[in-house]
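Computed from heavy atoms alone, side chains included, the values below leave out hydrogens, waters and symmetry copies.
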There are 2 protein chains.
Amino acid sequence: MADKNLTAGLEDYLEAIYIAQNKNKTVKGIDVARMLNISRASVSEALSKLVSKGLITYESYGTISFTPTGHTEAEKVYNTHNTLKSFFQTVLNISPEEASENACKIEHIISKSVLAEIKDFTDYCNNHPEIINEYRQRKDNGKNLSDRKISGSTPSDIETE
Amino acid sequence: MADKNLTAGLEDYLEAIYIAQNKNKTVKGIDVARMLNISRASVSEALSKLVSKGLITYESYGTISFTPTGHTEAEKVYNTHNTLKSFFQTVLNISPEEASENACKIEHIISKSVLAEIKDFTDYCNNHPEIINEYRQRKDNGKNLSDRKISGSTPSDIETE
DNA sequence: ACAATTTGTTAGGTATGCCTTACAATTATT
DNA sequence: AATAATTGTAAGGCATACCTAACAAATTGT
């Protein structure tokens, strides 16, 4: 039960297990390997790490289960994914596939408060469809961005941080 | 002049060099090391890679310059960063620091079309301030998201892809 | 111009995370 | 129950990307 820091990779494993459980009832290593398109050997290693971090329980040839902590963590990743996907799809009009692909990568690195803001903003937009409708109409008419000029989104500061 | 595939790390180097050039005129390895908080040794390695990929020219103890390709690539990363930062700041009301931090990570993995949509949407919002004003007002009044109920952004599908 | 300081490189090391190959253990088939 | 097929693990490798320490080269100060 070492430290709980999760790499992007381990988060992906948790998420895959979570999704597989919601479909299949029981999940084994091979399922994870297939879902993530990764060798059985690599999955075996990763599962050991998750066990040693106290996030799953798992015995050879047995079923993978979450510990309470593991379940919470997996759910967190899953919810983050869905929040992002929903934003991309419903606000930005991105295809489901591409929305998912982007969410899969961004879910591991976005900060809590940006995520919270995205969630709130998405909800707001979905409750006020006229905003998105109006926006999309203008885009389609080529009037695009502004009523008058084409302007670019470019903040003036220059820095690294 | 090997392949041109850029890892997130190499993109960070390009971006740092680009930013440093806009400030300092001339850029040397040590500047990059300081900006990215990375050892001189690691910078030395990375610069060799950028040279061998044909993105910069650089000789020991000399100044770092972009090749045309390198300049284009660096600019691309920099613009992506700014587009994201601008969205976080102006639409989501995130602090400049946190906006930058998130942009720094996401800039390397976001897809072209999601980025383009974010850019257009940000421009639209900035040209129609009433949208954001109204949204923020509701948030501040605790009326939050919807006019009636609290709903969550949760798409119903479950998948990995 | 010489010493001191700064900057750059090399060598060797660590950690992550994937791979393949070969083998072991389990499960399914008949 | 014996054999076949599947699933899991171990060992050894590879690539990335960082590090420190030691040394080399260049630059700066006086």
Side-chain angles (χ1 to χ4, degrees), chain A residues 2-17 20-21 23-65 73-74 77 104-105 107-109 160, chain B residues 2-17 20-21 23-65 73 77 101 104-105 107-109 160:
Chain A
D3 71 310
K4 200 185 75 177
N5 286 327
L6 289 174
T7 62
L10 289 187
E11 284 186 356
D12 281 334
Y13 286 104
L14 286 183
E15 193 182 14
I17 295 165
Q21 276 194 352
K23 280 196 176 141
N24 309 335
K25 309 253 178 214
T26 92
V27 189
K28 301 179 144 204
I30 185 74
D31 304 314
V32 178
R34 292 211 181 98
M35 289 175 77
L36 298 179
N37 218 335
I38 270 173
S39 73
R40 294 187 322 253
S42 298
V43 170
S44 181
E45 283 175 26
L47 293 181
S48 308
K49 283 185 197 162
L50 291 175
V51 168
S52 77
K53 280 172 185 292
L55 298 167
I56 62 170
T57 56
Y58 170 59
E59 288 170 354
S60 269
Y61 302 92
T63 296
I64 303 168
S65 316
E73 289 304 314
V77 177
C104 272
K105 297 185 240 150
E107 68 194 21
H108 307 296
I109 60 185
T160 336
Chain B
D3 72 314
K4 201 186 76 177
N5 286 325
L6 288 174
T7 61
L10 289 187
E11 284 186 357
D12 280 333
Y13 287 104
L14 286 183
E15 191 181 17
I17 294 165
Q21 276 194 353
K23 279 195 174 141
N24 309 335
K25 308 251 179 219
T26 93
V27 188
K28 300 180 145 203
I30 185 73
D31 303 314
V32 178
R34 293 211 180 98
M35 288 174 78
L36 297 181
N37 217 334
I38 271 174
S39 73
R40 295 191 316 265
S42 298
V43 170
S44 182
E45 284 175 26
L47 293 181
S48 309
K49 284 185 196 161
L50 291 174
V51 168
S52 76
K53 281 172 186 290
L55 298 167
I56 61 169
T57 56
Y58 170 60
E59 289 169 354
S60 270
Y61 302 93
T63 295
I64 303 167
S65 315
E73 289 303 313
V77 177
E101 282 162 19
C104 272
K105 296 184 242 153
E107 67 195 20
H108 307 296
I109 60 185
T160 336

Taking atom [atom2] of [N] as reference, at what distance in whole Å does atom [atom1] of [X] sit?
| X | N | atom1 | atom2 | value |
| --- | --- | --- | --- | --- |
| A:Glu59 | C:dA25 | CD | P | 16 Å |
| B:Asp31 | C:dT6 | CG | C1' | 12 Å |
| B:Leu36 | D:dC19 | CG | P | 10 Å |
| B:Lys49 | D:dA15 | NZ | P | 12 Å |
| B:Asn37 | D:dT20 | CG | C1' | 15 Å |
| A:Leu50 | C:dT16 | CG | C1' | 14 Å |
| B:Ile30 | D:dA26 | CD1 | P | 17 Å |

[N] phosphate, OP1 or OP2, under 4.0 Å from [X] side-chain N/O:
| X | N | value |
| --- | --- | --- |
| A:Tyr58 | D:dT9 | yes |
| B:Ser42 | D:dC18 | no |
| B:Ser60 | C:dT7 | no |
| B:Arg40 | D:dC19 | no |
| B:Ser39 | D:dC19 | yes |

The side chain of [X] is closest to which nucleotide in this list: [options]?
| X | options | value |
| --- | --- | --- |
| A:Tyr61 | C:dT26, D:dC18, C:dA22 | C:dT26 |
| B:Ile38 | C:dC19, D:dC19, C:dT7 | D:dC19 |
| A:Glu45 | D:dA21, C:dT7, C:dC18 | C:dC18 |

Closest-nucleotide mapping onto DNA chain C: is B:Leu47 or A:Lys28 further toward the 5' terminus? I mean the 5' end.
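Mapping each residue to its closest nucleotide by heavy atoms, the 5'-most match is B:Leu47.
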Nearest-nucleotide comparison on DNA chain C, the residue closer to the 5′ end among A:Tyr13 and B:Gly62:
B:Gly62
Passes side-chain contact (heavy atoms from CB on, under 4.5 Å), A:Ile38 versus A:Tyr13? Steps please.
CA-CA 11 Å; A:Ile38 270 173; A:Tyr13 286 104; 3.7 Å; yes
Can you measure from NZ (B:Lys28) to CG (B:Leu47) and round to the nearest 0.5 angstrom?
12.5 Å
Reported CG-to-CG distance for the pair A:Leu50 and A:Leu6, which is rounded to 0.5 angstrom
7.5 Å
B:Met35 and B:Val32: CA distance, side-chain angles, deciding distance, side-chain contact (heavy atoms from CB on, under 4.5 Å) verdict:
CA-CA 5 Å; B:Met35 288 174 78; B:Val32 178; 5.5 Å; no
If every non-hydrogen atom of A:Ala74 is compared with every non-hydrogen atom of A:Leu14, which pair is closest and at what distance?
CB-O, 3.8 Å
Any base atoms under 4.0 Å from A:Ser48, or only sugar-phosphate, or nothing? Heavy atoms, all strands.
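Nothing: the residue A:Ser48, judged by heavy atoms under 4.0 Å, touches no strand.
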